[in-house]
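Below: the structure, in structure tokens.
This structure is a prediction, so every number in the text was calculated from the model and none was measured. Proteins come first, then strands; the chains are lettered A, B, ... in the order of their sequence lines, and each starts at number 1.
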Amino acid sequence: MTKKVQRKTVSELPDKLNFSEIEKKWRARWEEDGIYRWNSDRPRSETYVVDTPPPTVSGSLHIGHVFSFTQTDVIVRYQRMCGKNIFYPIGWDDNGLATERRVQNVFDIRCEVDKAYQPEWKPEGVEHISLLASKSVSKTIPTVPAVPANGEDTTTVVSRQNFIEACQLLTKEDEKIYEHIWRRIGLSVDWQLQYATIDDHCRKISQLSFLDLVNRGYVYSEESPTMWDVDFQTAVAQAEVEDRESVGHFYDIVFKVEEREDYESGNGGTNFIISTTRPELLAACIAVVAHPDDQRYQDLFGKYAITPLFNVRVPILPAVHADPSKGTGILMVCTFGDVMDVEWWKHSDQPIRQIIGRDGKMLDIKFVNATEGASTAFVSLFPQEANHHYSKLVGHSVKSAKKIMAKLLAETPGILAAPARETKQAVKYYEKGERPLEFISTRQWFIKILEHRDQLLEQGEKIKWHPEHMRVRYEHWVRGINQDWCISRQRYFGVPFPVWYHIDQAGNCDYQNPIFADNAMLPVDPMIAVPPGYTEGQRNLPGGFCADKDVMDTWATSSMTPQIVSHWQLNPQRHQKLFPMDLRPQSHEIIRTWAFYTIVKAYYHQQTIPWEQVAISGWVLDPDRKKMSKSKGKVITPENFIDTYSADAVRYWSAKARLGVDTAFEEGQFKIGQKLVTKIFNAAKFIFGIFEHNKYNDASEVSKLKETNKEITEPLDLIWLELLNQAVVKSSDYFNLLDYAGALQITEETFWAFCDHYLELIKVRAYGGKGAGEQIEASQSQGVRSALVTLEFSLHTFLKLFAPFFPYVTEEIWSWSCVCVKDQQTAAPVDSVHSSTWPTPLPLPTEINSDFAQSTFRQVVEIISAIRGAKTAQKRNMRWRVKKLTLGHSAEIRESLQAFLPDICNAGNVAQVEWSEVEVAGLQELRVAVELDTAETN
RNA sequence: GGGCGUUUAGCUCAGUUGGUAGAGCGCUACCCUUACAAGGUAGAUGUCGGGGGUUCGAGCCCCUCAACGCCCACCA
């Protein structure tokens, strides 16, 4: 059905492109008309589902976000125009450490888990919260709220619940800022599909996930040494750990070997040397090991060594992990220096000697002699001396304990075999942390990964990765995992575990038999709610219960983003329609976390992949080719660029970058985008001028074109449309491979050819050969009709091809045909370019060979370029008359070009054309000679 | 140390099964031409990182080296 619609007259069109005005107008219109809404009634097969990344709101939104989100939006807009029912949600990742850190700093508060909740409490400054939130976070703010040793602590201490409320207040504000930018850049997300990872719904899904994994046997809790950040005072998972290069020192420490004969006396016999970079752990030494085949130490195995300074007897044992080529080949095992220590300890029957506390300070321990030592691991041959030495370390941080030990070793004769020497070492840090991780034994929840590695690798193979090589990163990571996923964090602003423990009569928690919440209770905070069968009065009392105080790793929630939006377990019908999804867009540095964990969850819950395709965006790099990040202190606010260059221009820059390719930030790219957008605007205005001149006012023509294409008769129009058809096909092909940049490139090239050549060539014909002021006859010539129809179709096609990239300017121009009016009767959505269908090639009345179209168009362009060149060379303007144009080529070419000469002559203002007298057979190149009019005759 | 990627004009980047090296920016000159001076036209610019190989022919395929980036491993 075709609506009768009138075009706007040129006088009604905006004079200049005022982008901020049209952005505002269309943003409001799209929201009002809901053109980006998901239709829950349509079947899965017609739906395109996107697992949008929920950005961490507690940072500053930078240009990199805009970059990658725009890329996804472009793909989504294409799918929408292909008729897909789009499910494009938007989420906010607001739980986790980033928010805690920000809240602590903004409100100057600190959480203590056991403090009582105060319902009336509000953070100071809350009335100016938007002001507080708008102050961008600086990395210079300490990660941890200072707890000054002098007791002058101005920080307000609040309960977990109060702390969470403060977090929610602030994240709400942060989300507003983010939403504002997303709307400005023109993301076509469905704002009704909004979630925040700390909201009730997400907590519920996270807890359901946990309980489902418990039921399926994928979860266990265990007290064991785990990687621990001493500042944040929480366990962390392998995926959040990074290595940092640092300078350490080797200390060559002399150990004495206790021979059988001097066992009683305690005097050492033979000596050996251990090279260590962690002398501060000497008191935590539990054994000395060397490789079983190491000939140097064969006679030591089975004997005992005596640690210097602390005089602790430790066994000398063979261990395969000892590398004979490193250091002296013999090393001490401490609890705990590194992963190997942990592994070795787990499989040994040696005691644990924990000397580093959860706060990273040396614990206050006492060495005793063997007869007193039944209840402690710290047994020394000379406890008094050991305690004398150790007392110097107590309460010091690991770093300063290391210094003190270095001094002690140096001062005590006979211990250091050589002066300390420098070495480069890689030290493990929590990615957000500032001090090295320690291994500290604590109780944590784990999700099993190691025993399912092969299946997880298979899942990765079933997913299509863009670019393909990103799959390798996934596989690499999965193969390299050596720990199960630790999902518990000793933090506050996160999803609590829906778990309590029974307390026996002696007051001990029964961790072996956790009490899990019923699904009906979720979301639940065990610190507030009471487990089934208990009363609040029994909390923390013998015979009663206690809550699990930990919260989940933020990835435990983020890994459920598909299920969060599909309402897994809550609405099976909806879930069915959305899961597995079509597309996961994300960046490459979180393949090991977000992508990996999401694949884990989908597999464990439903034995499926979470999405068919993953699109990995590149990074935005500084001009010095480092990742552009807020840490550089460079505030590159996306909004400035939108203000300066327009949203469409910023989108252009984003869409020019291919998936997975890092892009150096270059402001010039915005200018190019802006130029292109302006060009589209001006070209459209020009075309509307031609329409008006010819009284070609019925904008519905183009929809009937497939039947009435017989109007297209002129050879130039036909080959042009063939070229445009090719562009349509290529662009679609690129889009289907998620190569939006390729699609943009082909459209852009074709559009410039349209403006520079086609428009110039038909200008005179389209005006009926009349001057600007002259009135055209009512009955247009066929040449004019052909041009008008071609222009109309071309404009429509370009608007559609550009629509995913430039939603604003294309919509604005689309509206000039007055088709963007709301149906008064049905109040149906507007006919927006974004709800229009993606173009398909126009059937031409005469079949045109595509190679012929290309080569002929190229030759035509060659001729007019030669004409322009001649005018430029002779410093004439482009309307300067050409007295004679002489062309030379084979008869065949001459034949085919003949039909284009009228348009060429019009465009070049050529008075006379002549073919060169000599017919050259097989001439490869077209010969063009241009003779201009003289100044007198022109 | 292992892996992945990148290396093409001064800059940012294209280059789809191997077939005469491309675009934009910048630069130079010219032009107010019935859309556009926030414009247009024309022009100059390259040992395609180095070396070797396969081929009639290599920016593209193979080997090798180098630089840069990223991921992983490396705490005795």
Side-chain angles (χ1 to χ4, degrees), chain A residues 10 16-17 242-243 245-246 248 250-251 274-278 281 288-290 321-323 326-334 337-341 423-428 436-437 467 469-473 475-477 479-480 482 588-589 591-592 618-619 621 623 625-627 653 656-658 660-666 668-669 671-672 674-676 678-690 693 730 733-734 737 739 741-742 745 748-749 752 755-756 759-760 763-764 767 770-774 864-880 909:
Chain A
V10 174
K16 290 269 177 191
L17 174 60
E242 63 185 29
D243 287 352
E245 218 27 69
S246 72
F250 271 119
Y251 297 88
I274 280 177
S275 283
T276 180
T277 56
R278 299 207 59 180
L281 287 177
V288 168
V289 298
H321 77 264
D323 181 349
K326 283 192 182 173
T328 54
I330 189 162
L331 60 134
M332 62 177 186
V333 178
C334 305
D338 62 19
V339 195
M340 293 318 301
D341 286 349
T423 176
K424 272 204 179 143
Q425 55 182 173
V427 180
K428 286 193 190 308
L437 290 171
H469 69 255
M470 290 296 177
R471 177 204 312 280
V472 178
R473 294 207 183 192
E475 289 171 353
H476 208 92
W477 172 253
R479 291 211 178 88
N482 55 33
H588 48 74
E589 81 275 18
I591 289 174
R592 67 176 183 173
W619 282 347
L621 305 175
R625 304 212 65 84
K626 299 275 180 222
K627 186 188 180 187
W653 164 74
K656 283 294 267 188
R658 287 166 157 71
V661 178
D662 297 345
T663 298
F665 181 80
E666 204 209 5
Q669 292 294 321
K671 290 187 189 153
I672 300 167
Q674 193 184 26
K675 193 176 137 180
L676 176 55
T678 307
K679 192 80 178 176
I680 297 170
F681 176 86
N682 285 322
K685 258 181 66 178
F686 177 52
I687 293 169
F688 269 67
I690 294 174
H693 181 87
K730 282 187 204 158
D733 288 348
Y734 278 123
L737 298 169
D739 188 358
Q745 191 177 322
E748 193 179 356
E749 280 169 7
W752 282 106
C755 292
D756 293 347
L759 281 184
E760 293 297 332
K763 207 181 252 185
V764 173
Y767 272 107
K770 305 285 178 182
E774 297 177 63
I864 57 170
S865 289
I867 295 170
R868 288 165 176 167
K871 291 176 181 178
T872 301
Q874 295 179 42
K875 307 190 178 181
R876 303 300 190 193
N877 70 45
M878 289 297 133
R879 288 308 303 161
W880 197 269
N909 196 13

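Spacing between atom CH2 of Trp619(A) and atom C1' of rG5(B) amounts to 12 Å, rounded to whole angstrom units. Rounded to a whole Å, the CD atom of Glu245(A) is 13 Å from the P atom of rG1(B). Straight-line distance from the CG atom of Asp243(A) to the P atom of rC70(B): 14 Å, rounded to whole Å. In this entry the distance linking NE2 of His321(A) with P of rA73(B) reads 17 Å, nearest Å. The CG-P distance, from Leu17(A) to rA38(B), rounds to 14 Å in whole Å. Between the NZ atom of Lys685(A) and the P atom of rG39(B) there is a distance of 15 Å, given to the nearest Å.
Side-chain contact between His588(A) and Ile591(A): present, with at least one pair of heavy atoms (C-beta onward) separated by less than 4.5 Å. In this structure, His693(A) and Val10(A) have side chains that are not in contact, with every pair of non-hydrogen atoms separated by 4.5 Å or more. Met332(A) is not listed as a side-chain neighbour of Asp341(A), based on a closest heavy-atom distance of 4.5 Å or more. The closest side-chain heavy-atom distance from Lys730(A) to Glu749(A) is not below 4.5 Å.
The side chain of Arg868(A) lies closest to rU41(B), out of rU41(B), rG15(B), rC70(B). In the set rU16(B), rC75(B), rG15(B), the nucleotide with an atom closest to the side chain of Arg278(A) is rC75(B). Distances from the side chain of Trp752(A) to the nucleotides rG15(B), rC71(B), rG40(B) place rG40(B) closest. When the nucleotides rA35(B), rA29(B), rC75(B) are ranked by their closest atom to the side chain of Thr872(A), rA29(B) comes out on top. Side chain of Ala664(A), nearest nucleotide from rA14(B), rU41(B), rU12(B): rU12(B). Comparing atom distances between the Thr663(A) side chain and each of rC13(B), rG3(B), rA14(B) picks out rC13(B) as nearest. In the set rG3(B), rC75(B), rA35(B), the nucleotide with an atom closest to the side chain of Lys679(A) is rA35(B). Checking rC36(B), rU12(B), rG3(B) against the side-chain heavy atoms of His476(A) singles out rG3(B) as nearest. Side chain of Lys675(A), nearest nucleotide from rU33(B), rA35(B), rG24(B): rG24(B). Side chain of Tyr734(A), nearest nucleotide from rA35(B), rG15(B), rU16(B): rU16(B).
Using N1 to N3 plus N6-O4 or O6-N4 for Watson-Crick, or N1-O2 and O6-N3 for G-U wobble, each under 3.5 Å, rG49(B) pairs with rC65(B). If you check rC30(B) for Watson-Crick or wobble pairing at under 3.5 angstrom, you find it paired to rG40(B).
Judged by distance alone with a 3.5 Å cut-off, no donor-acceptor contact links the side chain of Asn877(A) to the base of rC30(B).
Among the heavy atoms of the strands, none lies under 4.0 Å from Cys334(A). The residue His469(A) sits close only to the backbone: its heavy atoms come under 4.0 Å of sugar-phosphate atoms, none of a base. Looking at heavy-atom distances under 4.0 Å, Ala322(A) makes contact with a base. Among the heavy atoms of the strands lying under 4.0 Å from Asp756(A) are primed sugar atoms or P, OP1, OP2 only; no base atom is included.
One finds a side-chain N or O of Lys428(A) lying less than 4.0 angstrom from the OP1 or OP2 phosphate oxygen of rC74(B). OP1 or OP2 of rU41(B) has not a single side-chain nitrogen or oxygen of Ser865(A) nearer than 4.0 Å.
Note on ring orientation: taking the six-membered ring where Trp is involved, the planes of Trp653(A) and Phe665(A) are perpendicular (angle over 60°, cut-offs 30° and 60°). Ring planes of Tyr767(A) and Phe686(A): tilted class, angle from 30 to 60°.
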